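Structure, as structure tokens:
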Amino acid sequence: MTESSHPWHSQSVEDTFSALSSQPNGLEPQEASQRLAQYGLNKLPTSHGRTVFQRFIAQFHNVLIHVLLVVMVITALLNHWVDAGVIAGVVVINAIIGFLQEGKAETALNAIQAMLAPTALVLRGGHQVNLKAEELVVGDVVILQSGDRVPADLRLFRSKGLQVAEAVLTGESLATEKNINPVSQKSALADRDCMAYSGTMITHGQGSGVVVATGLNTELGKISSLVSRVKPATTPLLKQIAQFSQWLTVAILVVAVATFAFGLLVRGYPITDMFLAAISLAVAAIPEGLPAIMTITLAIGVERMAKRNAIIRRLPAVETLGSVTVICTDKTGTLTRNEMTVTKIVTANEQFELSGTGYDPHGVVTINQQAIYPEQKPLLIHTVRAAVLCNDATLQHQNEQWQIQGDPMEGALLVAGEKAGLDSKTEHQLCPRTDLIPFESEHRFMATLHHNHKGEAFVFLKGAPERVLDICSHQMINPATHNETSLHLQTTALDRTYWQKQIDAMAKRGMRVLAMAYRPAEYEHIELTFDDVRDNLILLGLFGFIDPPRDEAIQAVKACNQAGIRVKMMTGDHVLTAKAIAQQIGLINTQDSLTGLQIDALNDEELFAVARDIDIYARVSPEHKMRLVDTLQKHHQVVAMTGDGVNDAPALKRSDIGTAMGLNGTASAKEAAEMVLTDDNFASITAAVEEGRAVYDNLKKAILFILPTNGGEALVILSTVVLGFKDLPLTPIQILWVNMITAVTLALSLAFEPKEHNLMQRAPRSPDTPILTSHLIWRVCFVSIILMLGTLGMFVWEMAQQEDIDRARTIAVNTLVMFEVFYLFNSRFILNSIFCRRGLTGNVYVLIAIAVLMVFQAGFTYLPIMQTLFGTQALEFEVWLRIVLVASSALFLVELEKYYLRRTARIRC
């Protein structure tokens, strides 16, 4: 029954339902549960990707690791087996860290994919329910709407303007128009117009279909390996690091060879000693822990964003977020609560106010603040009845809460109906729907055809007020007896000036306005076409909705303004409504605006001249959004774009950070986006930008900490050769110890660094800014020299006292480590002073890392096995005091440098 090869496309609708033991009202829940247990979940097997061994081997594919492996081989050839063994251990440890982190990344990816799993609107026992697509079974009836991803293979039995993009299966770029008529059994996949296949996208219209295949039995199951293939993305940041590693490798090799030649030819050192010196220099200069630290820092950042309701789907978004300069956002549901409430109804005779908010139907109807009985106002009743009938939403009371299934505005109309005393189920029974024209952005209205039990038929239409006014010629002023369901009306010519005045007045109050119209039809008329609603309709009234701004969105817009990020509202609403909301949420420019028609009238140069300064765009289409994003990018702006519909996908792809709505967004919008908001809240975008800036900050801090350590060690070795010292202050094995133990403890703690207090007061970072600016390069050189002078000075002083090379080297190593302990505090703030409570104790992981490091260094210095392995000796307490005194100089010298830069304003804070 579930084989995808079955010719469902050649069978009639009746035969299909019969073969599947189903019906247009759907399966009963108990039957669906039995089938789910029998046939399993509707999902494809997950690709296993690389094997564990392959992932582990891939960790060695790094130019810095390659250099270490060469050094290890040379060291082994020189019979320095302990050094070679330690180098091998360092390489393996680094690989294990990367391997484990990559495993965590794959787990996180699976979790993200689960969060983004598509859902389906299904009829079960005659009731509409939202299910995870994987819970669908053969025989389920699925309702399809524009923007949905088809969740399983379906035999269509209802199609209203339905078009499906099937390129994933057929390669055809144009969407296919669907119908319910069977086709030849030998028809090719692209010609099966009565079928909708899993994985394809609904681009237009509405329809319903019965599930004929799930999981591996679908057509998509045949190519599941291709569809599920994940292509990893490389961020510009990682490319910068890769390029930096290559340059660093070349520089290290050049300096190491030059040092070898200088020592051999000028100083006359033995060739074996110079090999050891060159190897020591190479080991000292290579930041072995940098790859692991970067990976962990990025992973922590993505995890933090997820906790703040921003799911990063593509890694480049982590980096790009830190440089966003413009956020283009929709209004409804993103800046506002998306809990539409009808607060005003205007007819040709009167204006009614409705109390209450949200979806709770408790409220009263008033005129001039005086409560009335709605049933005494026939014109009101008939206007509200039309809104209840021309409606696809349902209102339910579950778990002590009123919930809407469907569009929020349509749900608000049902709530208004309840307040006026009309029950939607009863109204639909008295005047059932026969046909409809679904809402689409092209025509901006929805129309339904109804037949009552008295031999009468009516067309009800609701839509954008300007569009409805264009197709109305009359207005309703006096209906028949109010307790009748028929609409024998008294009408008069349309007073367009009156209605436009009411529309403008409601819009100025921040209301969204919807117009309701109708026309009588012949009872024999059973199919609704656009010719039926082209003109000569009768206007019933206007509905005014309020969707209040989210409190957190107001604060988020304020934070964006302080961070130098311009927020621009792009909405399909009336321009006056958009302006009212813009004033409430605090956009910078709430006076100027552009509508879609005005944008169409501007050429590219004219739009370029005004786009940067205007923050309100009303009545815009997806095409307008695309053009605006292009224009802003020509201004060298980094644009984040929000969207939830299938038509938003092009603009989401074109923007630098496409942001899809996780709750109400379509599958196509989510696929086009780099980031998905799990709560559809604008505040989550701002939070993600803040976290993106923090990630980049912490990466810079980790790099700024690691590089001076390597630089100081390299300078120590280089100075030793240039000055003609007899012995090296640091051996290769000791250098490796310092590099790895400080990276695993001290540098790792910076990945958990809290956000700096002025993070969202800074101007956005340019994406072209290198990871190492001139200031950071200066800081690396400055600190490297401090570490070199202190470490070499302690070594020289100790050799002058006792000429015990092992003791002097032990002091040098511990001095170098203590330098890093003190410099770790400097690295927590790149420019601000750390002499405050937050600077010294604000990151508990720093204190833990220092404590762990001290334990390791105590073992390094005092344990007999470590003394044998690393050639160290025990040190007295007064020696430690001398080491701490010398090493603390880094803390004060770097803070003086920061102070000088702040006072002279050499760089931005």
Side-chain angles (χ1 to χ4, degrees), residues 63-64 67 237 240-256 259 280-294 297 696-719 730 735 738-740 742-743 746-751 753 765 769-792 815-834 887 889-902 906-909:
V63 64
L64 297 178
V67 175
L237 174 65
Q240 285 183 354
I241 293 299
Q243 186 177 28
F244 166 76
S245 299
Q246 293 175 357
W247 279 99
L248 182 61
T249 300
V250 172
I252 290 170
L253 293 177
V254 170
V255 174
T259 302
S280 299
L281 180 61
V283 171
I286 295 174
E288 296 88 353
L290 183 58
I293 295 301
M294 286 196 59
T297 303
Y696 193 82
D697 262 11
N698 290 350
L699 282 174
K700 285 200 302 182
K701 292 173 184 178
I703 293 171
L704 196 59
F705 173 78
I706 291 174
L707 293 187
T709 303
N710 299 103
E713 293 168 347
L715 287 178
V716 167
I717 303 301
L718 185 61
S719 301
L730 305 169
I735 292 172
V738 174
N739 287 353
M740 289 308 298
T742 55
L746 302 184
L748 181 59
S749 68
L750 292 174
E753 189 67 22
R765 172 182 62 86
T769 302
I771 189 73
L772 286 180
T773 61
S774 58
H775 164 245
L776 297 188
I777 293 174
W778 151 253
R779 175 73 61 80
V780 170
C781 296
F782 178 59
V783 178
S784 296
I785 292 172
I786 294 174
L787 268 60
M788 181 270 290
L789 292 175
T791 302
L792 192 60
T815 301
L816 183 61
V817 170
M818 291 306 300
F819 264 125
E820 295 188 52
V821 168
F822 283 105
Y823 178 58
L824 178 64
F825 288 100
N826 299 121
S827 301
R828 291 195 57 223
F829 300 152
I830 294 176
L831 192 58
N832 292 325
S833 172
I834 56 93
S889 63
L891 175 68
F892 300 104
L893 289 173
V894 173
E895 288 304 308
L896 284 174
E897 179 241 9
K898 290 184 186 180
Y899 176 76
Y900 172 75
L901 291 174
R902 290 197 302 271
R906 293 296 181 92
I907 61 174
R908 292 184 303 171
C909 294

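In this chain, numbering begins with 1 at the start of the sequence shown. FYI, side chains are in, hydrogens and waters are out, and symmetry mates aren't considered; it's all heavy atoms of this structure. Everything numeric in this text was worked out from a predicted model, so none of it was measured.
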Which pairs of donor and acceptor atoms, one on a side chain in residues 698-706, lie under 3.5 Å apart (sequence neighbours left out)?
residue, atom, partner, partner atom, Å
N698, ND2, E753, O, 3.2
K701, NZ, E756, OE2, 3.0
K701, NZ, R828, O, 2.7

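The shortest distance between side-chain heavy atoms of F782 and L893 falls below 4.5 Å. Using a 4.5 Å heavy-atom cutoff, the side chains of V716 and L787 are not in contact. With contacts defined as side-chain heavy-atom distances shorter than 4.5 Å, the pair S833/E895 qualifies.
Remark: I785 CD1 to S719 OG distance equals 9.5 Å, nearest 0.5 Å. Residue R902 holds its CZ atom at 6.0 Å from CG of L831, rounded to the nearest 0.5 Å. Here the straight-line distance linking atom CG of N826 with atom CD1 of I786 works out to 8.5 Å at 0.5 Å rounding. For the atom pair L776 CG and T773 OG1, the distance stands at 3.5 Å (nearest 0.5 Å). Atom OG1 of T791 sits about 4.5 Å away from atom CG of L816, to the nearest 0.5 Å.
Residues satisfying the side-chain contact (heavy atoms from CB on, under 4.5 Å) criterion with T259, sequence neighbours excluded, are V255, M274, L281, L718, V721. Applying the ring-ring contact (aromatic ring centres under 6.0 Å, His included) criterion to Y899, with sequence neighbours excluded, gives no partner residue.
S784 and G711 make their closest contact through OG-CA, 3.6 Å (heavy atoms, listed as atom of the first residue, atom of the second, distance). In this structure, F825 and L891 approach most closely via the heavy-atom pair CB-CD1, 4.1 Å. Residues L750 and S827 approach most closely at CD1-CB, 4.2 Å, considering heavy atoms. Closest of all the heavy-atom pairs between F819 and S889 is CE2-OG, 3.6 Å.
At distances below 3.5 Å, at least one donor-acceptor pair connects side-chain atoms of R779 with backbone N or O atoms of I830.
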| request: Mind running side chain to side chain contact (heavy atoms under 4.5 Å, CB included) on L746 and Y823 for me, showing each step along the way? | output: CA-CA 10 Å; L746 302 184; Y823 178 58; over 6 Å; no
